[in-house]
Trainee: 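One structure, as structure tokens, below. Some questions next.
Bear in mind the structure is a predicted one, so any value in this text is a computation, not a measurement.
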Amino acid sequence: MKMLAVRGLVCRRGERPVLDGIDLTFAAGEVTALVGPNGAGKTTLLRHLAGLDTPAAGRIELDGRALAGIERAACAKLVAYLPQGASAFWPLTGRDLTVLGRLPHGADLTRPLSAADAEAVARAIERVGGVGLADRPIDLMSQGERARMMLARTLATVAEVVLADEPVANLDPAYALDAMSVLRAEAARGACVVVSLHDLGLAARFADRIVVLAEGRVAADGNAAVALRSEVIDAAYGVGFRHVVVDGFVQPVAWSRPS
């Protein structure tokens, strides 16, 4: 399975650095959560990990090879990316939307699926609880229902690297837990999973490792006990957090703003 590495990554929007000298590695078989306030660079980092943006400096490596040097078709099989608020602009059914995740493997919507493609699509739909949505046009779905089917599309690729940007943002608590369990299962099969989250409690519960980004830099990197220390996240978010422990998991709760 694959390992992603970020070497001296610098990204700018105009003259403003969004990411400044990022060095990180992401291992197969692990869920890494990216957390931090709005504008910290989480989405920018994920887009660079997916090979969608070109850095001002530094590089992204996949098993020691520059991601930019890997042929697009090959990269699409290896790396599945779920963008924040992902949608489609035509009324595909939930099943056809999920089929799009098999395009890197040669599937398309103009001919019957191969047995392998059909199995991957059916399995992905089942894993997100989307069987009842499979025949419904996505423009008739709620935001949360659409988000679940977008995750199914990502899962259908069966990629070795899974990148998800705020995959639980529009989900009810039950489906948010389900989605994180699915991403946890992706790591269990050996995938390298990197997910951005605003919910620090979910990050603490489901991630093997948490990277806190603040002002374009890595403020902390480690397990929940290390990365979510008060002195780290209070400074990163500008909020006073209280910490409770539930079933052994640290759960930071935003409690107060500095006076």
Trainee: Output all residues satisfying side-chain hydrogen bond (donor to acceptor under 3.5 Å, both in side chains) with Asp53, sequence neighbours left out; order by chain, then residue number.
Mentor: Arg47
Trainee: Can you check side-chain contact (heavy atoms from CB on, under 4.5 Å) on Arg184 and Asp208, steps first, answer last?
Mentor: CA-CA 9 Å; Arg184 179 77 261 162; Asp208 299 290; 2.8 Å; yes
Trainee: Ignoring hydrogens and angles, tell me if any N or O in the side chain of Ser196 forms a donor-acceptor pair with the backbone of Thr43 under 3.5 Å.
Mentor: no
Trainee: Near Glu61 CD, under 6.0 Å, is it more than 12 heavy atoms from other residues, nucleotides or ligands?
Mentor: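 Count over threshold, so yes.
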Trainee: Mark yes when over 12 heavy atoms from residues, nucleotides or ligands other than Gln84 sit less than 6.0 Å from its CD; otherwise mark no.
Mentor: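 Yes, because the 6.0 Å sphere around CD of Gln84 holds more than 12 heavy atoms from other groups.
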Trainee: What ring pair (Phe, Tyr, Trp, His ring centres under 6.0 Å) pairs are there with at least one residue in residues 50-69, not counting sequence neighbours?
Mentor: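 Qualifying pairs, neighbours excluded: none.
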Trainee: Would you check if the side chain of Arg146 reaches a backbone N or O of Ile138 as a donor-acceptor pair within less than 3.5 Å?
Mentor: yes
Trainee: Is it the case that the side chain of Asn223 and the backbone of Ala225 share a donor-acceptor pair, with hydrogens and angles ignored and the cut-off at 3.5 Å?
Mentor: yes
Trainee: Roughly how far, to the nearest 0.5 Å, is CD1 of Ile125 from OG1 of Thr98?
Mentor: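 So the OG1 of Thr98 and the CD1 of Ile125 are separated by 4.0 Å.
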Trainee: For Arg72, what residues pass the salt bridge (charged side-chain N to carboxylate O under 4.0 Å, His left out) criterion, not counting sequence neighbours?
Mentor: none
Trainee: Would a single hydrophobic cluster contain both Leu213 and Leu9, if residues Ile, Leu, Val, Met, Phe, Trp and Tyr are joined by side-chain heavy-atom contacts under 4.5 Å?
Mentor: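 Same hydrophobic cluster.
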Trainee: Decide whether Leu67 and Leu52 are clustered together by the hydrophobic rule: side chain heavy atoms of Ile, Leu, Val, Met, Phe, Trp, Tyr closer than 4.5 Å, transitively.
Mentor: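 Yes, Leu67 and Leu52 fall within the same hydrophobic cluster.
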Trainee: Which distance, rounded to the nearest 0.5 Å, do you find between the SG of Cys192 and the CG of Leu4?
Mentor: 5.0 Å
Trainee: Just so I know, are the side chains of Pro167 and Leu183 near enough to count as touching, which here means a heavy-atom distance under 4.5 Å?
Mentor: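 Yes. Closest side-chain heavy atoms under 4.5 Å.
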Trainee: Would a single hydrophobic cluster contain both Val35 and Val250, if residues Ile, Leu, Val, Met, Phe, Trp and Tyr are joined by side-chain heavy-atom contacts under 4.5 Å?
Mentor: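 The answer is no; the residues belong to distinct hydrophobic clusters.
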Trainee: So do Leu97 and Met150 actually touch side chain to side chain, heavy atoms under 4.5 Å?
Mentor: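 Side chain of Met150 against side chain of Leu97, heavy atoms only: contact under 4.5 Å found.
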Trainee: Run Asp178 and Val128 through side-chain contact (heavy atoms from CB on, under 4.5 Å) and show every step you take.
Mentor: CA-CA 7 Å; Asp178 290 347; Val128 303; over 6 Å; no
Trainee: Is there a donor-acceptor contact under 3.5 Å from the side chain of Arg148 to the main chain of Gly129?
Mentor: yes
Trainee: Between Ile210 and Thr32, does the side-chain contact (heavy atoms from CB on, under 4.5 Å) criterion hold? Intermediate values first, please.
Mentor: CA-CA 6 Å; Ile210 298 172; Thr32 299; over 6 Å; no
Trainee: What heavy-atom pair brings Pro137 and Pro91 nearest, and what distance separates the two atoms?
Mentor: CB-O, 4.1 Å
Trainee: Could you list all the ring pair (Phe, Tyr, Trp, His ring centres under 6.0 Å) pairs where at least one residue sits in residues 166-212, not counting sequence neighbours?
Mentor: none
Trainee: side-chain hydrogen bond (donor to acceptor under 3.5 Å, both in side chains) with Asp247: which residues, sequence neighbours excluded?
Mentor: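 Result, side-chain hydrogen bond (donor to acceptor under 3.5 Å, both in side chains) vs Asp247: none returned.
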Trainee: Indicate yes or no: at least one non-hydrogen side-chain atom of Glu160 is less than 4.5 angstrom from one of Lys77.
Mentor: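 No, every pair of side-chain atoms sits at 4.5 Å or beyond.
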Trainee: I'd like to check the salt bridge (charged side-chain N to carboxylate O under 4.0 Å, His left out) partners of Asp23; sequence neighbours left out, ordered by chain and number.
Mentor: none
Trainee: What's the separation between atom CG in Leu155 and atom CE in Met149, rounded to the nearest 0.5 Å?
Mentor: 10.0 Å
Trainee: To check you understand the geometry: which heavy-atom pair defines the closest contact between His105 and Thr157, and what is its length?
Mentor: NE2-O, 2.9 Å
Trainee: Yes or no on side-chain contact (heavy atoms from CB on, under 4.5 Å) for Met180 and Arg205, after CA distance, side-chain angles and deciding distance?
Mentor: CA-CA 9 Å; Met180 293 305 301; Arg205 180 173 176 184; over 6 Å; no
Trainee: Among residues at least two apart in sequence or on other chains, which ones pass side-chain hydrogen bond (donor to acceptor under 3.5 Å, both in side chains) with Arg242?
Mentor: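 Counting only residues at least two positions away or on another chain, Arg242 forms no side-chain hydrogen bond (donor to acceptor under 3.5 Å, both in side chains).
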Trainee: State plainly whether one hydrophobic cluster holds both Val131 and Leu140, where clusters connect Ile, Leu, Val, Met, Phe, Trp and Tyr through side-chain heavy atoms under 4.5 angstrom apart.
Mentor: no
Trainee: Any sub-3.5 Å donor-acceptor pair from Gln251's side-chain atoms to Gly201's backbone N or O?
Mentor: yes
Trainee: So does Leu228 get a backbone contact from the side chain of His243, meaning a donor-acceptor N/O pair under 3.5 Å?
Mentor: yes
Trainee: If Ile, Leu, Val, Met, Phe, Trp and Tyr residues are connected whenever their side-chain heavy atoms lie under 4.5 Å apart, and connections chain through other members, are Val211 and Leu200 in the same group?
Mentor: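 Shared cluster, no.
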Trainee: I'd like to check the salt bridge (charged side-chain N to carboxylate O under 4.0 Å, His left out) partners of Glu166; sequence neighbours left out, ordered by chain and number.
Mentor: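 With sequence neighbours excluded, Glu166 shows a salt bridge (charged side-chain N to carboxylate O under 4.0 Å, His left out) to no residue whatsoever.
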Trainee: Would you call Glu231 and Arg229 a salt bridge, taking side-chain N to carboxylate O under 4.0 Å as the test?
Mentor: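 Looking at Glu231 and Arg229, the cut-off is met.
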Trainee: Per the ring pair (Phe, Tyr, Trp, His ring centres under 6.0 Å) rule, what does the pair list look like for residues 111-155, sequence neighbours excluded?
Mentor: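 Those involving residues 111-155 do not exist here.
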Trainee: Salt bridge between Asp165 and Lys42, side-chain N to carboxylate O under 4.0 Å?
Mentor: no
Trainee: Only pairs at least two apart or in different chains count here, so list each side chain to side chain donor-acceptor pair (under 3.5 Å) that has a residue in residues 116-128.
Mentor: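 Of all non-adjacent pairs touching residues 116-128, those that pass side chain to side chain donor-acceptor pair (under 3.5 Å) are Arg102-Asp117, Ser114-Asp117, Arg127-Glu186.
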Trainee: Mind checking what makes ring pair (Phe, Tyr, Trp, His ring centres under 6.0 Å) contact with Phe241, not counting sequence neighbours?
Mentor: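 Counting only residues at least two positions away or on another chain, Phe241 forms a ring pair (Phe, Tyr, Trp, His ring centres under 6.0 Å) with Tyr237.
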Trainee: For Arg65, what residues pass the salt bridge (charged side-chain N to carboxylate O under 4.0 Å, His left out) criterion, not counting sequence neighbours?
Mentor: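 Result, salt bridge (charged side-chain N to carboxylate O under 4.0 Å, His left out) vs Arg65: none returned.
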Trainee: Is there a side-chain contact between Leu45 and Val6 in this structure, where contact means two heavy atoms from C-beta onward sitting under 4.5 Å apart?
Mentor: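 The answer is yes; the side chains approach within 4.5 Å.
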